[in-house]
Amino acid sequence: MGYDFQTIETKWQRIWEERRAFEVETDPSKPKFYCLEMFPYPSGALHMGHIRNYSMGDMLARFLRKRGMNVLYPMGFDAFGMPAENAAIKYKTRPHDWTWKNIEHMTIQLKRMGYSYDWRRRVESCNPDYYRWNQWIFLQMYKHGLVYQKEAPVNWCEPCGTVLANEQVEGGTCWRCHHPVIKKNLKQWFIKITDYAQELVDDIETGLQGWPERVRIMQRNWLGRSEGACLEFEVLDLNYTIPAFTTRFDTVFGITFIALAAEHELVALMLNKMEEGEAQKMRDFVAQCMAQSSIERSDAGAEKLGFKTPFCGLHPVTGKPIPIWIANYILMDYGTGAIMGVPGHDQRDFDFCRKYGIDVIPVINPEGETLDGATMETAFEGDGFVCNSGQFNGLPTQEAIPTMIDWGEKEGYCSREIQFRLRDWLISRQRYWGTPIPFVHCPHCGTMPIPEDQLPVLLPEDVEVREVGRSPLLDRPEWLSTLCPQCGQPAQREADTMDTFFCSSWYFARYCSPGYTQAPFDTKDTDYWMAVDQYIGGIEHACLHLIYARFFTKFLADIGMLKVREPFTNLLTQGMVIKDGAKMSKSLGNVVDPTEIVSTYGADTARLFILFAAPPQNDLDWSERGVEGAHRFIGRVWRCVEDNLDSLRTHEGRRVPMKALKKPELRDFKRKIHSAVAAVTRDIEEEKQFNTAIARLMELTNAIYAFHPEDETGHALQREAVDSLLHCLSPFCPHVAEELWEMLGNKTLLSLAPWPTVEDEALVADVVTIVVQINGKLRARLELPAGLGKEELEKVVMEDASVQERLQGREPIKKIVVPDKLVNLVVKN
RNA sequence: GCGGGGGUGGCGGAACGGCAGACGCGCCAGACUUAGGAUCUGGUGCCAUUGGCGUGGGGGUUCAAGUCCCCCCCUCCGCACCA
């Protein structure tokens with residue numbers, strides 16, 4: 001009987017399911033652990049990235065279960081989104097049918113991997129039982145003033161036919177299709193995530209200690225908090241004031257121009273007052289700016305272009321008129337879309353002024369230097385001393401900034417302000433396959449929310465998607481037409497759906513009470529299970545899902561539904577699975593299908609290899625040879641049980657304590673067993689180094705092979721070793737471990753059996769290798785009894801013949817003695 | 001440009017400031033075999049004769065540096081006209 005993984009894996013998956021081994025309940029009397037992986041989009045098939053992600057999570061969940069925790073470990077599907085619409089067109093099906101077919105197929109695939117999910121808790125975001133709560137939460141946000149509609153220049157992806165949130169624009173391109181994003185003026189739905197900007201920044205320090213530093217930095221940069229001041233320019237001949245934000249109020253006396261973004265609202269007001277010829281030129285310039293894609297406009301190296309308007313704004317301090325320009329490098333997305341131009345101390349402004357012949361007035365001198373605006377070749381952006389600024393001359397920069405803002409506030413020239421880069425979350429999408437936004441447009445009452453008791457607003461499922469970029473909802477008059485909940489008159493439904501990131505912003509709370517019908521979740525469940533103790537997923541969500549979910553959690557806490565303000569206590573971002581140096585992709589043809597690996601080698605092998613081949617955060621290079629190696633190791637474990645089965649079965653459960661062992665080889669073996677268990681525990685629990693944990697198991701296996709029991713004690717030790725090995729292997733290769741456990745005569749489930757305890761006295765060595773160095777170089781190794789004191793150790797080493805030979809009569813001028821470790825003798829030459 | 005990783009055998013990767021290269025892959029040899037691409041055992045950083053040299057390069061701290069400090073090079077990843 002060999003290692004028949006197919007039979008074994010099917011068998012144990014069936015038994016776990018029959019015995020409901022991994023179903024858990026809220027139970028405040030038990031310590032809990034919430035282990036979660038980012039739920040997948042039901043694209044149709046699992047890929048290696050999924051396998052890697054879930055193999056880590058399942059290993060942890062299984063480990064912690066054996067460590068005595070009540071482990072919540074659920075799985076679900078992020079099931080709304082564009083690919084379903086594209087597939088519907090391509091395969092002439094319905095997004096609904098395609099998605100559900102994929103969900104069922106992928107669930108089977110996941111089950112074949114032996115992942116220990118509590119499947120009763122499966123959540124699908126396209127299920128009305130789920131998305132009704134999207135709508136409900138959206139209405140709560142609306143009630144709390146966090147939802148609004150606004151016409152604004154927004155990111156538009158032409159191929160996708162929809163708008164995008166700022167977070168979904170990557171380097172000026174659409175995060176999904178990577179086509180350049182353009183700006184369009186559209187009326188859209190927004191969520192005021194910016195109300196939480198400060199807390200989102202603050203809690204990076206206090207609440208995300210368990211996150212990789214990299215992700216914390218990415219979020220900090222994305223939120224982009226900067227302190228400064230806001231000042232206003234009163235525009236001459238127009239009843240308008242331009243607010244502008246600056247972090248360098250100390251350079252306020254160096255303003256020589258004002259610059260506006262092309263989208264600035266003042267542009268239209270100015271055009272109204274301008275004579276036609278000039279107005280046309282300005283319109284052309286604005287059009288030219290706006291025609292640039294986001295990529296072009298955000299390229300720091302691009303040429304700065306400007307247009308001088310015939311208007312001036314008054315300098316808030318000096319009252320001098322300052323010319324107003326429109327410039328292509330001013331972003332409407334940041335600050336107020338207008339800046340105070342200080343060419344002396346901002347390189348962009350400097351380049352702009354040199355090009356258009358605008359004056360440069362230095363107001364900060366570097367230490368020991370005096371700048372000349374006429375001859376400067378670059379802006380001076382560093383710290384220095386204020387000049388050309390009246391009473392403030394001579395102040396060092398770091399002092400000048402707060403001093404001058406204080407003065408400006410007192411005199412009414414400015415107000416202290418904190419600016420964030422984060423913009424409000426554009427939540428509406430011109431898509432079909434998503435959560436309907438629960439609002440109607442009534443000609444009399446305006447835009448009205450659907451009352452909560454009328455939720456969900458169901459998404460019609462029997463649709464035909466004909467073309468990309470046209471929601472079939474627009475062709476459903478019977479769905480669009482409804483009655484206004486306020487006046488009862490005919491009204492139109494909102495046809496936009498929600499960004500699918502809305503769904504994924506709170507699903508972790510839904511897992512806590514998946515069937516709950518009174519609210520998104522039952523607080524008695526979330527109070528127990530939340531926050532997620534370990535979250536695992538890709539780094540690509542650093543500034544998307546991981547920010548949105550944090551925001552949701554804070555909002556839900558504010559309305560009294562959650563007790564935690566951060567959703568994920570610890571975050572593990574796993575590296576990519578690559579092959580031949582490149583990310584696995586269909587176009588490169590280097591994709592390895594998990595299904596094939598599972599049928600060739602089994603799920604246990606796939607899991608073991610993927611956890612062994614690289615540390616979790618690193619990219620993992622897929623290697624067929626490596627997979628074979630993992631498979632070989634499992635075979636080795638199998639044989640070491642099978643070959644000794646009779647003796648193993650008859651020596652069950654009797655641990656021989658260290659002090660009862662006399663023979664050195666028995667003591668050594670016992671020590672190897674316990675240090676292996678201790679190391680595996682530490683590697684998983686503290687270091688999160690799963691690859692080295694597996695290496696320990698291989699060492700233990702090698703030790704078992706090398707050990708040949710000669711007496712009853714030896715046989716008992718061998719059994720202890722095998723038991724320990726199976727326990728430790730069980731989170732990694734649960735099926736084969738369970739099978740071998742049963743072969744040994746056990747009736748219980750290994751998956752639920754307690755993790756082995758480590759006997760501390762079995763970790764203490766009898767003999768240690770003392771490294772003897774001379775001038776830091778290894779010169780001898782001495783096997784000596786452990787626990788020698790410094791003096792004693794020094795004496796033994798100095799008396800050793802090989803050491804004396806090495807010293808060749810030289811007397812050490814210094815002796816470094818580290819007990820149980822090394823002796824370093826320092827000699828002259 | 002700014003920020004963050006990372007550079008260790010033929011390869012993936014190990015190493016509380018204390019024996020560099022655990023474990024695995026590959027390779028070499030042996031055993032068992034009709035056979036071996038199965039299995040088991042042993043070997044395997046480089047150069048050489050004792051002995052040297054080795055963790056991207058160069059300095060430094062230290063009895064001792066892959067590990068700490070300074071400078072430089074290369075690479076991957078984020079962000080990038082953020083006022």
Side-chain angles (χ1 to χ4, degrees), chain A residues 2 170-172 212-222 224-226 228 230 244-248 251 259 261 296-304 327-331 333-342 345-349 351-352 419-422 539-540 542-543 575-576 608-609 612-615 617-630 632-633 635-636 639 643 679 683 689 691-702 705-706 769-781 812-818 820-827:
Chain A
E170 293 176 354
E213 181 60 12
R214 194 164 151 221
V215 178
R216 302 181 346 141
I217 290 168
M218 284 166 79
Q219 290 214 350
R220 204 177 292 121
N221 292 342
W222 182 262
R225 181 183 190 275
S226 44
C230 193
F245 174 74
T246 179
T247 53
R248 293 295 304 271
T251 64
E296 293 166 310
R297 291 194 70 177
S298 61
D299 177 8
E303 194 187 6
K304 302 206 171 4
N328 67 340
Y329 71 98
I330 309 304
L331 307 171
D333 282 346
Y334 185 76
T336 60
I339 59 137
M340 62 178 215
V342 182
H345 307 286
D346 182 293
Q347 192 56 41
R348 298 156 296 170
D349 294 351
D351 295 343
F352 188 74
Q419 192 61 238
F420 291 90
R421 207 183 79 112
L422 180 74
I539 185 90
E540 66 274 13
C543 293
M576 286 188 304
L608 186 73
F609 167 71
F612 178 61
Q617 303 84 346
N618 286 23
D619 284 351
L620 181 153
D621 203 346
W622 188 267
S623 132
E624 193 73 20
R625 299 271 200 185
V627 178
E628 284 168 13
R632 208 151 40 221
F633 167 67
R636 229 168 121 71
R639 283 186 298 277
D643 295 350
D683 282 351
Q689 290 277 68
N691 54 331
T692 51
I694 295 169
R696 301 293 191 174
L697 297 180
M698 290 171 169
E699 283 180 276
L700 178 57
T701 306
N702 293 343
Y705 268 82
T769 305
I770 300 295
V771 172
V772 182
Q773 299 179 327
I774 294 178
N775 288 342
K777 287 202 186 296
L778 173 69
R779 284 298 180 251
R781 283 178 196 158
I813 51 173
K814 194 168 182 182
K815 297 168 189 149
I816 311 292
V817 181
V818 184
D820 287 345
K821 219 162 228 173
L822 101 168
V823 174
N824 189 10
L825 304 173
V826 185
V827 297

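Just so it is clear, the model here is predicted, and its values are computed rather than measured. Side chains are part of it too, since the values below use all heavy atoms of this structure and drop only hydrogens, waters and symmetry mates. Lettering follows sequence order; numbering is per chain, from 1.
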Q) Mind checking the C1' distance from U61(B) to C71(B)? Whole angstroms is fine. A) 15 Å
Q. If you pin M698(A) and T692(A) to their nearest nucleotides in RNA chain B, which one's is more 5'?
A. T692(A)
(Q) Under 4.0 Å, counting only non-hydrogen atoms across every strand here, what does V771(A) touch: a base, just sugar-phosphate, or nothing? (A) base
**Q.** Nucleotide G13(B), atom P - distance to CG of L620(A) in whole Å
**A.** 8 Å
Q) Please give, in whole Å, the distance from A83(B) C1' to Y329(A) OH? A) 9 Å
Q) Are side-chain N/O atoms of N221(A) and R421(A) paired as donor and acceptor at under 3.5 Å? A) no
(Q) Is a donor from one side chain sitting under 3.5 angstrom from an acceptor on the other, for Y329(A) and D349(A)? (A) yes
Q. What form does the base of G9(B) take, syn (within 90° of 0) or anti?
A. syn
(Q) Would you measure the distance from the C1' atom in U67(B) across to the matching atom in G6(B) and give it in whole Å? (A) 15 Å
Q | Contact summary for R639(A) and R632(A), nearest pair of heavy atoms | A | NH2-O, 4.3 Å
(Q) When you measure from the side-chain N and O atoms of Q773(A) to the phosphate of C63(B), is any distance below 4.0 Å, counting only OP1 and OP2? (A) no
(Q) Considering every strand and a 4.0 Å limit on heavy-atom distances, what is the contact class for D346(A): base, sugar-phosphate, or nothing? (A) nothing
Q) Donor-acceptor pair, Q773(A) side chain versus V823(A) backbone, under 3.5 Å? A) no
Q. Now, which nucleotide makes the Watson-Crick or G-U wobble pair with G21(B), with each of the two distances under 3.5 Å?
A. none
Q.
Regarding R625(A), tell me which of base, sugar-phosphate or nothing describes its non-hydrogen contacts under 4.0 Å with the strands shown.
A. sugar-phosphate
**Q.** Of the listed nucleotides C23(B), A80(B), A83(B), the one nearest the side chain of A695(A)
**A.** C23(B)
(Q) Looking at C32(B), which nucleotide sits across from it as a Watson-Crick or G-U wobble partner, both distances under 3.5 angstrom, or is there none? (A) none
**Q.** Watson-Crick or G-U counterpart of G54(B), or none if no pair lies under 3.5 Å
**A.** none
Q.
Could you go through F612(A) and L620(A), starting from their C-alpha distance and side-chain angles, then the distance that decides it, and tell me whether this counts as side-chain contact (heavy atoms from CB on, under 4.5 Å)?
A. CA-CA 10 Å; F612(A) 178 61; L620(A) 181 153; over 6 Å; no
Q: Grab the CG-C1' distance between N618(A) and A14(B) for me, whole Å please.
A: 12 Å
Q: Starting at atom CZ of R225(A), determine the distance to atom P of A83(B), rounded to an integer number of angstrom.
A: 13 Å
Q. Between A83(B), A14(B), G18(B), which one does the side chain of Q689(A) approach most closely?
A. A14(B)
Q. Is a donor-acceptor contact shorter than 3.5 angstrom present between the side chain of K304(A) and the base of C81(B)?
A. yes
Q: Search all heavy atoms of S226(A) against all heavy atoms of Y334(A) and return the closest pair with its distance.
A: OG-OH, 2.9 Å
(Q) If you compare every side-chain N and O of R220(A) against the phosphate oxygens of C79(B) (OP1, OP2), does one of them come in below 4.0 Å? (A) no
Q: State the CG-CD distance between L422(A) and Q219(A), to the nearest 0.5 angstrom.
A: 10.0 Å
Q: Quickly work out the E213(A) CD to C79(B) P distance and round it to whole Å.
A: 17 Å
Q) Looking at K814(A), does any N or O in its side chain come under 4.0 Å of the phosphate oxygens OP1/OP2 on C63(B)? A) yes
Q) Counting side-chain heavy atoms from CB outward, which of A83(B), C79(B), G18(B) is closest to R421(A)? A) C79(B)
Q. What nucleic acid atoms does I217(A) come within less than 4.0 Å of, heavy atoms only: base, sugar-phosphate, or nothing?
A. sugar-phosphate
Q.
In this structure, how many angstroms lie between the P atom of G78(B) and the CD atom of E540(A), rounded?
A. 10 Å
Q. On a whole-Å scale, what distance lies between the C1' atoms belonging to C25(B) and U44(B)?
A. 13 Å
Q: Could you measure between the two P atoms, the one in A65(B) and the one in C69(B), and give it in whole Å?
A: 15 Å
**Q.** Side chain of M218(A) - closest among G78(B), C19(B), G18(B)
**A.** G78(B)
(Q) So if I define the base as every atom that isn't primed, P, OP1 or OP2, how would nucleotides 31-56 of chain B read as a B/S/- string at a heavy-atom cutoff under 4.0 Å? (A) --------SSS----------SS---
Q: Would you mind classifying the nucleic acid contact of D333(A) as base, sugar-phosphate or nothing, using non-hydrogen atoms under 4.0 angstrom?
A: nothing
Q.
Please name the nucleotide paired to G37(B) by Watson-Crick or G-U wobble geometry with both distances under 3.5 Å, or report none.
A. none
Q) Atom CG of N691(A) to atom P of C25(B): distance rounded to whole Å? A) 15 Å
Q: Tell which nucleotide pairs with C81(B), taking only Watson-Crick or G-U wobble pairs whose two distances are both under 3.5 angstrom.
A: none
Q) Counting only Watson-Crick or G-U wobble pairs whose two distances fall under 3.5 Å, which nucleotide matches G26(B)? A) U44(B)
Q) Out of C19(B), A80(B), A14(B), which has the shortest distance to the side chain of R781(A)? A) C19(B)
**Q.** Gap between atoms CG and C1', on D619(A) and G12(B) respectively (whole Å)
**A.** 13 Å
Q) Does the Y705(A) side chain pair with the main chain of R636(A), one donor and one acceptor, at a distance under 3.5 Å? A) yes
Q. On a whole-Å scale, what distance lies between the P atoms belonging to A15(B) and G60(B)?
A. 30 Å
(Q) By the 4.0 Å heavy-atom rule, please label R214(A) as base, sugar-phosphate, or nothing. (A) sugar-phosphate
